[in-house]
Amino acid sequence: MKLEQVIIIGAGPAGLAAALQLHRYGITPRLIEKARPGGLLWNANWVENYPGFPAGISGANLAQVFLDHAKAGGVDVTPAEVQKLAWDNQAFIVSTNSAVYHARCVVIASGTKPRQFTEFAIPDILAGRIFYEVIPLISSSGKTVVIVGAGDAAFDYALNLGKQNQVIIINRSNQVKCLPLLWDRANTCSNITYRSRVVINQLLPNPEGGITVECFSPKGLMKLSADYLIGAIGRIPQLDFVSASVLERSSEFEKAGILHFVGDVKNNIYRQTSIAIGDGIRAAMHLNKVLKETAHESDCLDRKRRYRRSIYR
Ligand SMILES: Cc1cc2nc3c(=O)[nH]c(=O)nc-3n(C[C@H](O)[C@H](O)[C@H](O)COP(=O)(O)OP(=O)(O)OC[C@H]3O[C@@H](n4cnc5c(N)ncnc54)[C@H](O)[C@@H]3O)c2cc1C
């Protein structure tokens, strides 16, 4: 059984940064990614708070810069989905859809997953028209997209899709939670309409093949006709693959420096690229220290064993 030094789960900004920094120490981690490396950034319209890009940069271009940088630093990505992370008293066991790996240390950089619609049924026939991220629709044009939400993601998605499509943002309350600058930009985009106090009652297929979004509104029942519906109603940590026993003992493993949670998966409301990157670098620095110490201990043990063998010969 080959024991990997470090396995990193997720090649978003946090995982890429951790991998890059480990390479600088001469440690080659196995970086596992189930989708497109680069993470959630592919969904971001325009990133203006990542230092080094004074004019801002699109999320997609920033993701590509990170990937180019990681590649230049020797980082390789193993394409696979981690289905289970367990512990067998000596090492972590990382089971993917294609292989099982054993690792001394693990970095969980798996980000978040979207909250799904639960208050209304989604007819099977419409399942392919409902999304929770913008990426699947990024090249669509001339379509009508209803976006549900009131935060940064809803408005960022609207600004992205509103370049080539008609977008209707619906918000169940009359409070907008996005950055004022996103609100201002959405207001000046003629392709974006915003409606407050609108709640979806049901989704129906319409004769053109799209969706009739039936909603309660202050003016009564309202029907919106759309090609697609996007939910931007929040995200939660992506930890489905972590076994209950690892979760239970996570503080103990973290204290020992062999398990690290980095980036959005643990950052609650502080989900930002620069923070995720910082987390990744810090975890790698800590891992380098831990691995050096354990290597030193096993060197000493080896030397002791060799000495004992030599005196008993
Ligand atoms: C619309 C939008 C706009 C944004 N704008 C900005 C902005 O302007 N500025 C800013 O700083 N940040 C912005 N962000 C936030 C930024 O994208 C995140 O903070 C950042 O991507 C977090 O990086 P991460 O590596 O922690 O997680 P993620 O980017 O989510 O990466 C996690 C990775 O783990 C992978 N993964 C998950 N589970 C598994 C598994 N079981 N097996 C293998 N791989 C797995 C995922 O596929 C993903 O690639 C925005 C986000 C969105 C959605």
Side-chain angles (χ1 to χ4, degrees), residues 7-20 30-53 56-63 65-67 70 77-85 94-99 101 106-115 131-135 137-138 147 149 151-161 178-179 181-182 185-186 230-243 260-283:
I7 286 186
I8 303 172
I9 304 169
L16 287 168
L20 192 58
R30 182 175 294 280
L31 173 59
I32 305 178
E33 171 56 55
K34 69 173 179 181
R36 188 175 180 187
L40 203 55
L41 262 186
W42 291 109
N43 283 279
N45 180 44
W46 199 248
V47 178
E48 291 165 300
N49 62 347
Y50 190 80
F53 300 93
I57 180 166
S58 73
N61 283 346
L62 187 55
V65 169
F66 288 166
L67 291 176
V77 178
T78 302
E81 175 169 1
V82 174
Q83 293 172 334
K84 192 165 180 195
L85 171 65
V94 181
S95 310
T96 75
N97 51 335
S98 51
Y101 304 99
V106 164
V107 177
I108 298 181
S110 49
T112 52
K113 61 181 179 179
R115 265 185 221 285
F131 298 95
Y132 294 94
E133 285 174 7
V134 87
I135 274 299
L137 300 179
I138 210 70
I147 298 180
D152 289 343
F155 280 81
D156 196 86
Y157 289 169
L159 288 163
N160 212 339
L161 292 177
C178 69
L179 290 167
L181 61 90
L182 293 178
R185 284 173 198 166
I230 298 187
I233 52 176
R235 300 185 69 89
I236 50 177
Q238 174 60 273
L239 291 166
D240 298 350
F241 55 88
V242 187
S243 68
H260 295 259
F261 293 84
V262 296
D264 281 13
V265 71
K266 60 115 189 176
N267 281 339
N268 300 316
I269 59 164
Y270 304 104
R271 291 181 188 149
Q272 292 292 306
T273 307
S274 48
I275 300 176
I277 297 266
D279 284 350
I281 301 280
R282 173 191 274 265

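Positions are given from 1, in the same order as the sequence printed here. We count ligands from 1, going down the list as the structure has it; atoms in each ligand are counted the same way. The figures that follow rest on heavy atoms only: side chains count, while hydrogens, waters and symmetry mates do not.
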How far is atom 34 (O) of ligand 1 from the closest protein heavy atom, and which atom is that?
Gly10 CA, 3.2 Å
Please list the nearest protein heavy atom to atom 27 (O) of ligand 1 with its residue and the distance rounded to 0.1 Å.
Gly111 CA, 3.6 Å
Test: Asp279 and Lys266 ion pair at under 4.0 Å:
yes
Protein heavy atom at shortest distance from atom 15 (C) of ligand 1:
Arg271 O, 3.9 Å
For ligand 1, is any non-hydrogen atom under 4.0 Å from Thr273's backbone (N, CA, C, O), its side chain (CB onward), both, or neither?
both
Show which atoms of ligand 1 fall inside a sub-4.0 Å distance from at least one heavy-atom site of Gln272.
9 (N), 10 (C), 11 (O), 12 (N), 19 (O)
Decide yes or no on salt bridge (charged side-chain N to carboxylate O under 4.0 Å, His left out) for Arg235 and Asp264, but give the supporting numbers first.
CA-CA 10 Å; Arg235 300 185 69 89; Asp264 281 13; over 6 Å; no
Begin from the C-alpha positions of Val82 and Ile7 and carry the test side-chain contact (heavy atoms from CB on, under 4.5 Å) through to its verdict.
CA-CA 11 Å; Val82 174; Ile7 286 186; 5.8 Å; no
Provide the number and element of each atom of ligand 1 under 4.0 Å from a heavy atom of Asn43.
1 (C)
Location of contacts on Lys34 toward ligand 1, heavy atoms closer than 4.0 Å
both
Please report which non-hydrogen protein atom sits nearest to atom 48 (C) of ligand 1, along with the residue it belongs to and the distance in Å to one decimal place.
Glu33 OE1, 3.5 Å
Could you check whether any side-chain N or O of Ser243 sits under 3.5 Å from a backbone N or O of Leu85, counting only pairs where one atom can act as donor and the other as acceptor?
yes
From Gly151, Pro13, Gly12 - option closest to atom 21 (O) of ligand 1 by heavy atom:
Pro13
Who's the nearest protein heavy-atom neighbour of atom 41 (N) of ligand 1, and how far?
Val82 O, 3.0 Å
Ala276, portion touching ligand 1 at heavy-atom distance under 4.0 Å:
side chain
Determine whether the side chain, the backbone, both or neither of Asn49 has a heavy atom under 4.0 Å from any heavy atom of ligand 1.
side chain
Touching ligand 1 at all, Gly280? Heavy atoms, strictly under 4.0 Å?
no
Kindly say whether the aromatic ring centers of Phe131 and Tyr157 come within a distance under 6.0 Å.
no
Identify whether the distance between the nearest side-chain nitrogen and carboxylate oxygen of Arg185 and Glu48 falls below 4.0 Å.
yes
Can Tyr157 be said to touch ligand 1, with heavy atoms closer than 4.0 Å?
yes
Subset of ligand 1 atoms that lie under 4.0 Å from at least one heavy atom of Gly39:
29 (O), 31 (O), 48 (C), 49 (O)
Which residue supplies the protein heavy atom nearest to atom 5 (N) of ligand 1, what is that atom called, and how far is it?
Ala44 CB, 3.7 Å
Do Leu16 and Ile8 touch side chain to side chain, with heavy atoms closer than 4.5 Å?
no
Give the atoms of ligand 1, by number and element, whose distance to some non-hydrogen atom of Leu41 is under 4.0 Å.
17 (O), 21 (O)
Between Asn61 and Phe53, is there a side-chain heavy-atom distance shorter than 4.5 Å?
no
Is there a donor-acceptor contact under 3.5 Å from the side chain of Asn43 to the main chain of Ile135?
yes
Write out the residue and atom name of the closest protein heavy atom to atom 32 (C) of ligand 1, then the distance separating them to 0.1 Å.
Ala109 O, 3.3 Å
Using atom types as modelled and distance alone, determine if a side-chain donor or acceptor of Asn267 lies under 3.5 Å from a backbone N or O of Gly263.
yes
Per-atom contacts, ligand 1 versus Gly263 - under 4.0 Å to a heavy atom:
26 (O)
With a 4.5 Å cut-off on side-chain heavy atoms, are Tyr50 and Leu62 touching?
yes
Does Ala80 approach ligand 1 within less than 4.0 angstrom via side chain, backbone, both or neither, non-hydrogen atoms only?
backbone
Trp42 side-chain N/O to Pro37 backbone N/O, donor-acceptor pair under 3.5 Å:
yes
Sub-3.5 Å donor-acceptor pair from the side chain of Ser110 to the main-chain atoms of Gln238, do we have one?
yes
Set out, in order, the CA-CA distance, both residues' side-chain angles and the distance that settles side-chain contact (heavy atoms from CB on, under 4.5 Å) for Leu40 and Arg271, then state yes or no.
CA-CA 11 Å; Leu40 203 55; Arg271 291 181 188 149; over 6 Å; no
Check ligand 1 against Ser110 and write out every atom of the ligand that is under 4.0 Å from a heavy-atom position of the residue.
32 (C), 34 (O), 37 (C), 38 (N)
What atoms in ligand 1 come closer than 4.0 Å to a heavy atom of Trp46?
8 (O)
The option among Asp264, Leu40, Val134, Val47 carrying the non-hydrogen atom nearest to atom 18 (C) of ligand 1 is Asp264
Ranked by distance from atom 25 (O) of ligand 1, the top protein heavy atom is Ala14 N, 2.9 Å
Does any N or O in the side chain of Asp156 come within less than 3.5 Å of the main-chain N or O of Asn45, such that one atom is a donor and the other an acceptor?
yes
Output the list of atoms in ligand 1 that are nearer than 4.0 Å to some heavy atom of Phe241, sorted by atom number.
41 (N)
